[in-house]
Trainee: 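One structure follows; several queries about it will come next.
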Protein chains: 2
Amino acid sequence: MALRHAVLAALLEEELSGYQLAKAFDLGVANFWHALPQQLYAELARLEADGLVSGREVVQDTRPNKRLFTVTDAGLAELERFATSADKPSFIRDDLLVKVQAADHLDAGELIARLEERAEVADAKIELFGGLLRRMRGDRSEEEFLRDGDRIGPYLTCRRGLAFEEGNRDWCRWSAAILRERRAAHAER
Amino acid sequence: MALRHAVLAALLEEELSGYQLAKAFDLGVANFWHALPQQLYAELARLEADGLVSGREVVQDTRPNKRLFTVTDAGLAELERFATSADKPSFIRDDLLVKVQAADHLDAGELIARLEERAEVADAKIELFGGLLRRMRGDRSEEEFLRDGDRIGPYLTCRRGLAFEEGNRDWCRWSAAILRERRAAHAER
DNA sequence: ATACCCATGTAAGACGTTACATGATTTG
DNA sequence: CAAATCATGTAACGTCTTACATGGGTAT
């Protein structure tokens with residue numbers, strides 16, 4: 001039941017509509033949680049029914065109307081309660097790792113292709129996260145920002161996202177290189 | 001539908017029972033996928049019904065009998081098909097990141113405690129994975145093993161697990177240190 | 001013209017988690 | 001002698017994904 005808390009955490013930053021939330025939780029951007037639009041609309045409805053967020057209608061001329069949501073006091077209390085609970089260890093569930101696990105029994109060329117693809121996805125995310133971090137820092141150095149800046153939470157999670165994707169990229173390229181060398185050595189014989 | 005492929009990949013290494021598989025996919029050990037025992041028993045039944053694995057009963061005196069499973073030719077073909085498919089990008093879903101995202105609105109002491117807890121979990125995993133890697137290498141250097149060793153797949157995925165946990169540990173300690181400094185600076189005023 | 005963006009959902013089905021059930025054997 | 005390990009499941013419930021539905025406005 002952490003999706004609700006992820007939504008609450010996202011809404012602490014700024015008032016958002018379901019649609020805007022959906023973009024923030026999208027695969028391409030999500031740096032601390034991922035969810036689909038349908039989940040978010042449903043969760044927002046539940047959160048509102050439980051009084052943890054409150055929505056206000058914003059009428060728009062040229063675009064469809066939207067509802068912007070804010071965290072209520074009860075919502076903040078719920079987040080505080082959540083923060084004191086022990087969190088379940090997070091685990092890996094990644095198609096690519098499954099494929100590499102079976103590397104010895106599969107076509108190396110295919111695997112190398114998948115690894116390169118993933119490395120490129122990681123490159124894109126690294127650039128994205130780097131930009132987000134720069135925007136949050138503004139014209140301050142990182143040291144300065146970490147000392148005095150407000151909204152440190154999103155900065156820290158984005159830093160984790162960045163390091164995670166750098167890890168992905170490095171591991172993918174390293175693994176691909178090893179598989180290539182082994183394939184070459186095998187072909188020589 | 002990647003659990004089935006994760007099971008197939010695990011069974012390529014060696015013939016295993018549901019119980020042994022469950023241990024391999026456990027939270028503490030899982031380096032390329034995670035699943036609960038109940039899922040694995042159910043998936044093994046489905047895989048057998050579909051002819052992708054075959055089980056053989058092993059009668060034991062002192063322990064309950066068990067069924068050991070092997071990947072069939074059809075199972076290997078299914079894995080090969082899976083390896084050629086584009087994999088969906090993997091995403092983060094971690095309680096701890098949600099909590100840190102909300103850092104600016106929560107008690108710093110609590111967060112620091114969670115971060116330290118997680119860092120210690122990571123430490124334990126790092127040791128575990130380090131040991132697994134050493135066992136796989138045997139008396140060879142890593143370079144040598146990566147060149148000639150067999151069963152390179154599990155080695156590569158375990159390397160990813162290790163790097164991931166090192167990333168976790170470093171980020172947790174770094175974040176905790178920043179939150180501590182900010183708390184101290186705040187208390188001074 | 002075609003496609004994408006804004007904006008919000010419903011419904012069905014697949015997948016994952018929690019709780020329960022059983023029972024002998026080995027380890028501390 | 002209590003707890004953990006070996007060994008295999010069933011049942012209920014909760015969460016996530018996939019498919020469908022609608023409709024105006026803006027960019028190429």
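Chain naming here is simple, since letters A, B, ... match the order of the sequence lines and numbering starts at 1 in each. The basis for the numbers below is simple: all heavy atoms, side chains too, and nothing from hydrogens, waters or symmetry mates.
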Trainee: Looking at dT8(C), I'd like to know if its phosphate oxygens (OP1 or OP2) sit under 4.0 Å from a side-chain N or O belonging to Y19(A).
Mentor: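 Checking Y19(A) against dT8(C): no side-chain N or O falls below 4.0 Å of OP1 or OP2.
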Trainee: Give a yes or no on whether the ring-centroid distance for F25(A) and H34(A) is below 6.0 angstrom.
Mentor: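 No, too far apart.
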Trainee: Starting at atom CG of D61(B), determine the distance to atom C1' of dA7(D), rounded to an integer number of angstrom.
Mentor: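 My rounded result for the distance is 15 Å.
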Trainee: Which residue lies toward the 5' end of DNA chain C, R46(B) or K88(A), if each is placed at its nearest nucleotide?
Mentor: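 Final value for this comparison: R46(B).
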Trainee: Just the rounded figure in Å: distance from P of dT8(D) to CD of Q38(B).
Mentor: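 Result: 13 Å.
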Trainee: Could you point out which residue of R67(A), E15(A), K66(A) forms a side-chain contact (heavy atoms from CB on, under 4.5 Å) with R56(A)?
Mentor: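 So, applying the side-chain contact (heavy atoms from CB on, under 4.5 Å) to R56(A) and each of R67(A), E15(A), K66(A), only E15(A) qualifies.
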Trainee: Side chain of Y41(A) only, please: which of dT8(C), dC6(C), dG9(D) is the nearest?
Mentor: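 Looking only at heavy atoms from C-beta outward on Y41(A), the closest nucleotide is dT8(C).
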Trainee: Once you round it to whole Å, what is the distance between C1' of dC6(D) and CG of L40(B)?
Mentor: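 Distance, rounded to whole Å: 16 Å.
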Trainee: Atom CZ of F25(A) to atom C1' of dT17(D): distance rounded to whole Å?
Mentor: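 F25(A) atom CZ is separated from dT17(D) atom C1' by 17 Å.
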Trainee: Can you give me the closest heavy-atom contact between A103(B) and I152(A), atom names plus distance?
Mentor: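 That closest heavy-atom pairing would be CB-CG2, 4.5 Å.
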Trainee: Mapping A42(B) and Q20(B) to their closest nucleotides on DNA chain D, which lands nearer the 5' end?
Mentor: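 Here Q20(B) is the residue nearer the 5' end.
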Trainee: By the 4.0 Å heavy-atom rule, please label Q60(B) as base, sugar-phosphate, or nothing.
Mentor: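 Q60(B): backbone/sugar contact only, no base atoms under 4.0 Å.
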Trainee: Is it the case that R159(B) places NZ or CZ above or below the six-membered ring of W174(A), under 6.0 angstrom from the centre and within 45 degrees of the axis?
Mentor: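 Flagged: R159(B) positioned over aromatic ring of W174(A).
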Trainee: Which whole-number value in Å describes the distance from Q39(A) CD to dT18(D) P?
Mentor: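 Rounded to whole Å, this separation is 11 Å.
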Trainee: Checking side-chain polar atoms at under 3.5 Å, does T157(B) have a donor or acceptor matched by the opposite partner on Q101(A)?
Mentor: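 Yes.
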Trainee: Of R93(B) and T62(A), whose nearest nucleotide on DNA chain D comes first from the 5' end?
Mentor: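 Closest to the 5' end, via its nearest nucleotide, is R93(B).
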Trainee: Return the value, rounded to whole Å, for the distance between atom CG of L36(B) and atom C1' of dC13(D).
Mentor: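 Rounded to whole Å, this separation is 14 Å.
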Trainee: Rounded to whole angstroms, how far apart are CG on N65(B) and P on dG9(D)?
Mentor: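 That distance rounds to 12 Å.
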Trainee: I need the CD-C1' distance between E43(B) and dT8(D), as an integer number of Å.
Mentor: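 That distance rounds to 16 Å.
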Trainee: In terms of the nearest nucleotide of DNA chain C, which residue is placed more toward the 5' end: K23(A) or A2(B)?
Mentor: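 Going by which nucleotide is closer to the 5' end, it is K23(A).
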